[in-house]
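What follows is a single structure, written as structure tokens, with notes after it.
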Amino acid sequence: MTNTSFRHRWLWGALYGLAGLVASPPAWAQAEEGTSTSTHAIEELTITANLRQQRLQDFAAPAVVISSQDIQDAGIRTTEDFVALVPNLTFDDTFTYLNSFVVLRGVTQINNADPPVAVIVDGVPQNNQKQLKQSLFDIQQVEVVKGPQGSLYGRNAIGGAINIRTRQPTNEFEGVLQLGLENGLGYRAQAGLSGPIVKDLVLFRVSGSFYRTDGLIENTFLGANVDTVDYDYAVRGKLSIRPLDILTVDLRASYNEFDAGSSYDTVVNNEPNGAAVPVFRTGMANDVFAPTSDFRGFTTGRVADLSGKVDLELPFGVATYILGFTDLQEQYRADLDFSNPTMPSGIFGGLSLGQGQNLDLTLFSHELRVVSHDDQRLRWHAGAYLLATERDLQTRAFLDMDNSPEQFESGMILADLNEENSNFAWAFFGQLEFDISDALTVQVGARFDRDEREQVNANAEGVVRTSDFEAFQPKVTLSYRVIPEILSYATYSTGFRSGGFNAPGVVLESFDDEYLNNFELGVKTQFLDGRATVNLAGFFSQSRDFQFFFVDATTGSQIISNLEEVHIWGADLDLSFRPLRQLVLFGGFGLTDSNIQALGNDELESFLSASGVDTSGIEGNRSPRTTEFTLNTGAQVRFDLSSWLSLMFRATYELQGNKYWQIDNLDVRDPVHLIGLRASVGGESWSVAVWGRNLLDEAYYADFNPAEFAGTGFDLGFQARPLSFGLDLRGQF
């Protein structure tokens, strides 16, 4: 019997065993005689994405809410972890430590451009790609809203919004400490402490996290793991001041610093251990090989955040002012030929090349809004937003003589792109919500965004480019309460992502803004006395000037361009069921089908044709990074052994369908099957848990760049994290 076969049998045996335990629970796990089924109701979730707190089942939009209890039960520690619980949302780990490609309903993140999903942390928009991937510690709730949210969140909410709320200071002292060990000699610590400085007047909360690992992905040439994290630590402090009953001031500061691996892409070929000549063709997105480069990449950086929030109660509502400031720096050095001296020549003519990048980013934002009280037939909000961004980016390719990072500064530089970008964005927004009757509600919102951009070529004095982008983003939703347990809705919504400039001197100098029209029908249901929930939505989106990304490594260029028109349609299904007090079944299904209607860019078509892409067959293909479907399902059972001790078992299964990496659709990743198990024992103030993820040890690429879209003459794959397992300890007071 092979090891893989044994793993499959063991895991499925464990799952069947869990199912049998659930189907025939022991006597002490049975519901007490005479207990009302209402005691089995699923946890009532609320959402704040609409700038007011309301029941998730009353929120007329497709959304997933992950509560603090969910975070603890599922062992969620990073933004990547909760993605598996959200249908039609995928997260592709790649490139530098902070880098990722998030895709929501077919709308994708791209390097060096605005994100497709608005990410909001404690009310402050995170306006850069590097701000999504982060450790999640001391978190109250995560909310994911799907579909364009431009009327509310403005630019960058073209695919939806992710709202992360950290825990607030408390009026009573409380604390929590979590410790974790995992394979790859990894360990993690998280802690939080909260309480009053002056009772009822000044409250504080401090929290922090630390993570280190020797990694799990081996570079077979160097004989060392390359996905290491030497350190990643973060601290956060919050202060809540309540000088008056009608006035609250919340202050927040955080700092994160890290040193980790970077850019450990693999030259995809047809020989084991990555030791053979690269194959100069596409279609190998499922041939997974270990990295074999001779230059071990690394990323270093830091992120500092400051924010302030003032809430003032007025006779007609609440006025809120939010100030946000971010200073982010990231540097990476890595191989560019992704090979080693033992590999036959052919990669860049046998040259050994290195690459690096320095990013320095500052963001300064202001938001002022007024939100009416909830207890009225007509509800509304209105506001204004300002954002100033400075982004300096230097990218270099160099001849690699000795595998030292100092060559970025003093070596033989082959390409040097140095740009200084600034943009000033402002917006006005508002929304009206009116109860036409007890059952029928109409919601109308709109936002106007303007983004003024400037780029300076730091290597050529006086070379400056400027451009302005603006959009009006309306939204209309009609919701109807069929019966108290069923809410139906129809929505027209829009989203806008600003255009911009590629690095100075590249073949395609700029890219246009992207605008998306979305039409949606949905229904939210809850039945069996709150023990079952089924939410379903179907959508059709028309994207104009769809932004996508590729690399021209021969000139050291990372390029963003546009597809003239892309159509996207699909569906979202979320469900949960609690047949017994001890047992919860949950799952979700997301379907996304995209179609490139028109390439529509002669300059892009000419460039791609020169790179070997058959542009005549692009129309009708799926858009880049589209995953046909996602499925997540699981079961969680909890047994109370006594008044102070309980057992919890959780099993999850995630299936990601075919993934289309680029617009030619020649490179398609096969479906990926991921199984996770978690078991814990504990009481009200402590717990011990063991866990495992990707327990089938499925090997696949989290990112894949076909040769024609990498400028290298060979395909590049970025290996996903293999099987991982560990132990968690938690204590609180």
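Every heavy atom of this structure was used, including side-chain atoms; hydrogens, water molecules and symmetry mates were not. Positions are given from 1 along the sequence. As the structure is a computational prediction, the values presented were derived from the model and not from experiment.
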Is there a donor-acceptor contact under 3.5 Å from the side chain of [X] to the main chain of [Y]?
X      : Y      : answer
Gln662 : Phe549 : yes
Arg165 : Gln140 : no
Arg678 : Arg693 : no
Glu313 : Val318 : no
Gln129 : Ser100 : yes
Ser68  : Gln141 : no
Gln126 : Val124 : yes
Arg578 : Arg581 : yes
Arg622 : Asn595 : no
Ser437 : Leu440 : yes

Give me the atom names and distance for the closest heavy-atom approach of [X] to [Y].
X      : Y      : result
Asp451 : Ala425 : OD1-CB, 3.8 Å
Val145 : Leu104 : O-CD2, 4.2 Å
Gly500 : Phe469 : N-CZ, 3.6 Å
Gln473 : Tyr515 : CA-OH, 3.9 Å

Do you see a donor-acceptor pair shorter than 3.5 Å between the side chains of [X] and [Y]?
X      : Y      : answer
Arg447 : Gln431 : no
Thr592 : Asn88  : yes
Thr166 : Asp138 : no
Ser594 : Thr626 : yes
Asp73  : Gln636 : yes
Asp305 : Thr326 : yes
Asp92  : Gln109 : no
Asp311 : Tyr321 : no
Ser479 : Gln443 : no
Glu514 : Asn562 : no
Asn658 : Thr627 : no
Gln597 : Glu565 : no
Gln656 : Tyr700 : no
Arg55  : Gln526 : yes

Does Arg531 make a cation-pi contact with Phe577, if we ask for NZ or CZ under 6.0 Å from the ring centre and within 45° of the axis?
-> no

Phe137 ring centre to Arg77 NZ or CZ under 6.0 Å, with the angle to the axis within 45°?
-> no

Nearest-0.5 Å distance that lies between atom [atom1] in [X] and atom [atom2] in [Y]:
X      : Y      : atom1 : atom2 : value
Asp513 : Ser498 : CG    : OG    : 6.5 Å
Ile76  : Ile66  : CD1   : CD1   : 5.0 Å
Ser493 : Phe539 : OG    : CZ    : 11.0 Å
Glu619 : Leu563 : CD    : CG    : 10.0 Å
Ser541 : Leu516 : OG    : CG    : 4.5 Å
Leu368 : Tyr385 : CG    : OH    : 13.5 Å

Whether over 12 other heavy atoms sit under 6.0 Å from Phe527 CZ | yes

Step by step, would you call Glu520 with Lys146 a salt bridge (Lys or Arg N to Asp or Glu O under 4.0 Å)?
-> CA-CA 11 Å; Glu520 188 141 6; Lys146 304 174 191 178; over 6 Å; no

Using the ring of each side chain (for Trp, its six-membered ring), is His673 parallel, tilted or perpendicular to Tyr653, with breaks at 30° and 60°?
-> parallel

Could you tell me if the ring centre of [X] sits under 6.0 Å from that of [Y]?
X      : Y      : answer
Phe540 : His567 : yes
Phe519 : Tyr492 : yes
Trp380 : Phe434 : no

Which of these, Asn128, Asn127, Asn423, sits in a side chain to side chain contact (heavy atoms under 4.5 Å, CB included) with Thr389?
-> Asn423

Charged N to carboxylate O under 4.0 angstrom, [X] versus [Y]?
X      : Y      : answer
Arg450 : Asp468 : yes
Asp670 : Lys659 : no
Lys133 : Glu80  : no
Arg544 : Asp512 : no
Arg155 : Asp449 : no
Asp58  : Lys524 : no
Arg377 : Asp435 : no
Asp114 : Arg453 : yes

Please report the C-alpha distance between Arg669 and Asp703 in whole Å, then the side-chain angles of each, then the deciding distance to 0.1 Å, and finally whether the salt bridge (Lys or Arg N to Asp or Glu O under 4.0 Å) criterion is met.
-> CA-CA 10 Å; Arg669 188 184 72 192; Asp703 185 29; over 6 Å; no

Asn99 and its side-chain hydrogen bond (donor to acceptor under 3.5 Å, both in side chains) partner, picked from Asn111, Thr94, Asp93 = Asn111

For Asn535 and Gln57, what are the C-alpha separation, side-chain angles and deciding distance, and is it a side chain to side chain donor-acceptor pair (under 3.5 Å)?
-> CA-CA 9 Å; Asn535 297 335; Gln57 291 304 104; 3.0 Å; yes

